[in-house]
Amino acid sequence: MSEIDTSNLDFIRTIVAQDLAAGKNDGRLVTRFPPEPNGYLHIGHAKSICLNFGLAQEYPQGVCHMRFDDTNPEKESVEYTEAIQADVKWLGFDWGENLFYASDYFDVLYDYAVQLVAMGKAYVCSLTAEEMRAYRGTLKEPGKNSPHRQRSVTENLALLEGMKNGEFSDGAHVLRAKIDMASPNINMRDPIIYRIRKVSHHRTGDKWCIYPMYDFTHSLSDAMEKITHSLCTLEFADHRPLYDWFLDTLQTPCHPQQIEFARLNLNFTVMSKRKLMQMVDEKLVNGWDDPRMLTISGLRRRGYTPASIRRFCAEIGVAKRESRIDMGILENAVRDDLNDIAPRRLAVLHPLKVVITNYPEEKEEELTVANHPKNPEMGTRLIPFSREIYIDHDDFLEEPPKKFFRLAPGREVRLRAAYFITCNEVVKDAEGAIIELRCSYDPASRGGSSPDGRKVKATLHWVSARHAVAAEIRLYDRLFNQANPEADPDIDFKEHLNPDSLQILADCRVEPSLLEATSSDYFQFERVGFFHLDSKESRPARPVFNRTVTLRDTWAKVAAQ
RNA sequence: UGGGGCGUCGUCAAGCGGUAAGACACAGGCCUUUGACGCCUGCAUUCGUAGGUUCGAAUCCUACCGCCCCAGCCA
């Protein structure tokens, strides 16, 4: 075998590199992403997508198939197949011509089943579900053979035909592989291959009233597509002997290698489609694409970029050990991407009016501001300035603590790209709440620096009161307030929902240029965070922005002490 | 207690018999018209535990401990 460098490759990439170097599978590399279309994709699927499609991209001959595992029509729908395809494409991956459906194989699969029966390796069992469970034995005790295990091939063939032709009702019979009821691996205790389900399928309609089970379908689908490496999560490791049994027994032209890796777990969220669906159905969130949801569509709406998700998946790696990744890693991945590509804008979330008393009443001017501090190629824009502006309430403290160096009575600060201002007076309402600041500006400091070289410790973001656009801004926090909401099986995970995961700020003021924002833009609102126009709630005259992620906030840490 | 899988920094994760990569987090410093970004420095004498093999072990052997998964006509 030729020398190959596998350092810094995860264990799956190492196996693939070695297989390829050894000339296995005629040098082909074919992976597949096999979602069941019974819900929307989430960040956990992104890990699998990035692994399967990513791996294929790493080799010139690599191919990754998109295949819907649509063998359970009761839970599946075309809505999901469409959403899933849109999500994978948005993530930046392309399956080309290789779009498949397990349901496309139903005819072949049936032939394979007949073949098993003919070989005496499968039989029709007429036990009820409860009886079958009893016959299956337990984890520690072997199962018992079904009384129908010795049916003749002829009888089995006739019965299977009858099942296919709709002669029996749901649950009357089942087709089982004849393996070993005493196997220590429960999956090998004569697993079911076909069940009767008189429901129509989203793709095959009413053609079938029997549907194949996962293990049978998946292994054979992989073989038919000549998949070389069939990657799945750890819980399927116990199924590998069965996967291999189908392929060996039926002597398929190729035998893909199943390799298991650990699924993704993230702190402060849940990662199962069933639970996500429950939150959607119970209206605990506003749909699958609620920006708080860790679905691909939710992340997209929240303002995550495809690159940030790919980057996240690359960072967390692939291994067999179960892990629980901190949300901070995901957040850091978007920050890193957005920091480079997001143009800067000024927006005030909690407006506090500031009157610049020595600035002429009717005067207006336009100030030039860079769109990105480190990337001149992103250009500049003009922002209007006038006598009355808004700054953020958080940027003023009447009695500032030691380390607070923003605005305070008598103190001078810089307005970003504008002027130095000094606070002279604090105006309060009857309740004593601060409602306005009266400041004076230094005309010589236009652009944000003073000719005399005097320094200020803070630079504030601001917006001209007269020109600002009213906007709604939505702040999101973790959906759950428990690191692992599923930790205690006796407590419903929904009990751990964070009641403050959504905060709507209805009265924000943003710079005028933001009126042109679209949901394909990503912005940094300076000193606040990264924001993205909400694709569903925005109206032309009233933009709604989602906070994708905050900026790192050293002051918040200091202030907390 | 049947079978399968896993235990390396707070969280991920390399390492594959030659003397513990990297990322995030954290701490300190520099820079700064974003308390952001960037840059610099520090951060596992130790790899679940205990024995053993070896000149040498996270890596090999043995025993033990702990965690996860499996008894759907779901995937």
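In what follows, chains are A, B, ... by sequence order, proteins preceding strands, each numbered from 1. These values consider heavy atoms only, across backbone and side chains, with no hydrogens, waters or symmetry-generated copies.
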Counting primed atoms, P, OP1 and OP2 as sugar-phosphate and everything else as base, the B/S/- map of nucleotides 68-75 of chain B against protein heavy atoms under 4.0 Å is SBBBSBSB
Sugar-phosphate, base or nothing in reach of A/Arg406, heavy atoms under 4.0 Å: base
Which residue in the set A/Tyr522, A/Phe531, A/Phe525, A/Phe530 passes ring-ring contact (aromatic ring centres under 6.0 Å, His included) when paired with A/Phe545? A/Phe525
Is A/Arg324 touching bases, backbone alone, or none of the nucleic acid, heavy atoms closer than 4.0 Å? sugar-phosphate
Contact class for A/Thr554 (heavy atom, under 4.0 Å): base, sugar-phosphate, or nothing? sugar-phosphate
Send over the distance from A/His372 NE2 to B/A36 P, rounded to a whole Å. 15 Å
May I ask you to establish whether A/Lys273 and A/Tyr40 are in a cation-pi arrangement, using a distance under 6.0 Å from NZ or CZ to the six-membered ring centre and at most 45° from the ring axis? no
Looking only at atom P, what distance separates B/G22 and B/C65, rounded to whole Å? 36 Å
Rounding to an integer number of angstrom, what distance separates B/C30 and B/A36 when you compare their P atoms? 13 Å
Using whole Å, what does the distance between atom P of nucleotide B/C16 and atom CD1 of A/Ile15 come to? 16 Å
A side-chain contact here means heavy atoms from C-beta on lying under 4.5 Å apart; do A/Tyr110 and A/Glu161 qualify? yes
Side-chain ion pair, A/Arg446 and A/Glu365, N-O less than 4.0 Å: yes
For a quick check under 3.5 Å, do A/Asp521 and A/His532 share a side-chain donor-acceptor pair by atom type? no
For the residue pair A/His239 and A/Tyr214, categorise the inter-ring angle as parallel (less than 30°), tilted (30 to 60°) or perpendicular (more than 60°). perpendicular
Base B/U34 paired with A/Arg416 side chain (donor-acceptor, <3.5 Å): no
Identify whether NZ of Lys or CZ of Arg in A/Arg203 sits under 6.0 Å from the centre of the six-membered ring of A/Tyr101 and within 45° of that ring's axis. yes
A/Arg32/A/Met66 under side chain to side chain contact (heavy atoms under 4.5 Å, CB included): CA gap, chis, key distance, verdict: CA-CA 6 Å; A/Arg32 100 268 91 115; A/Met66 175 73 170; over 6 Å; no
What's the gap between B/U41 and B/G48 when it is taken at their P atoms, as a whole Å value? 30 Å
At under 4.0 Å between heavy atoms, what does A/Gln524 touch on the DNA or RNA strands: base, sugar-phosphate, or nothing? base
Considering only heavy atoms and no angle criterion, is a donor-acceptor pair shorter than 3.5 Å present between the side chain of A/Arg345 and the base of B/U34? no
Residue A/Asp336, side-chain heavy atoms: nucleotide from B/C26, B/A23, B/G38 that is nearest: B/G38
What integer number of Å spans the P atoms of B/A58 and B/U8? 15 Å
Return the nucleotide paired to B/A71: Watson-Crick means purine N1 to pyrimidine N3 with N6-O4 or O6-N4, wobble means G-U with N1-O2 and O6-N3, both under 3.5 Å. none
Could you tell me how far apart A/Asn8 (CG) and B/A23 (P) are, to the nearest whole angstrom? 11 Å
Gap between atoms CZ and C1', on A/Arg13 and B/G15 respectively (whole Å): 18 Å
What's the verdict on side chain to side chain contact (heavy atoms under 4.5 Å, CB included) for A/Glu486 and A/Lys275, showing C-alpha distance, side-chain angles and the deciding distance? CA-CA 10 Å; A/Glu486 300 160 294; A/Lys275 286 175 177 152; 2.8 Å; yes
Just by distance, with hydrogens left out, do A/His461 and A/Asp392 show a side-chain donor and acceptor under 3.5 Å apart? yes
Distance between the P atoms of B/C61 and B/A44, in whole angstroms? 29 Å
With a non-hydrogen cut-off below 4.0 angstrom, is A/Phe216 in contact with a base, only sugar-phosphate, or nothing? nothing
Nearest-nucleotide pick for A/Lys320, side chain only, options being B/G38, B/A13, B/C6: B/C6
Rounded P spacing from B/A25 to B/U11 in Å: 15 Å
Send over the distance from A/Lys457 NZ to B/C31 P, rounded to a whole Å. 12 Å
Taking for A/Gly328 and for A/Glu141 the nucleotide of RNA chain B with the nearest heavy atom, the one nearer the 5' end belongs to A/Glu141
Can you tell me how far P in B/C26 sits from the matching atom in B/C31, rounded to whole Å? 22 Å
Syn within 90° of 0, anti beyond: B/G7 is anti
Phosphate OP1/OP2 of B/U8: any A/Arg321 side-chain N/O under 4.0 Å: yes
For A/Ala319, answer base if it contacts any base atom (sugar-phosphate contacts may also be present), sugar-phosphate if it contacts only those atoms, and nothing otherwise; contact means non-hydrogen atoms under 4.0 Å. sugar-phosphate
Rounded to the nearest Å, what distance is computed from the CG atom of residue A/Leu9 to the C1' atom of nucleotide B/G15? 13 Å
Is A/Val413 touching bases, backbone alone, or none of the nucleic acid, heavy atoms closer than 4.0 Å? nothing
Determine the interatomic distance between P on B/C24 and the same-named atom on B/C39; round to the nearest Å. 10 Å
Base paired to B/C60 (Watson-Crick or G-U; both N/O distances under 3.5 angstrom): B/G52
Base, sugar-phosphate, or nothing: which does A/Phe405 touch, judged by heavy atoms less than 4.0 Å apart? base
Which part of the nucleic acid does A/Lys273 contact within heavy-atom distance under 4.0 Å: base, sugar-phosphate only, or nothing? nothing
Classify the nucleic acid contact of A/Pro142 as base, sugar-phosphate or nothing, counting any heavy atom under 4.0 Å across all strands shown. nothing
Interatomic distance, A/Asn375 CG vs B/A36 P [rounded to whole Å]: 20 Å
Sort out the partner of B/A25 for me: Watson-Crick or G-U wobble, both distances under 3.5 Å, none otherwise. none
How close or far is atom P of B/U34 from atom CZ of A/Phe531, stated in whole angstroms? 18 Å
By nearest heavy atom, map A/Asp10 and A/Ser449 onto RNA chain B; which one lands nearer the 5' end? A/Asp10
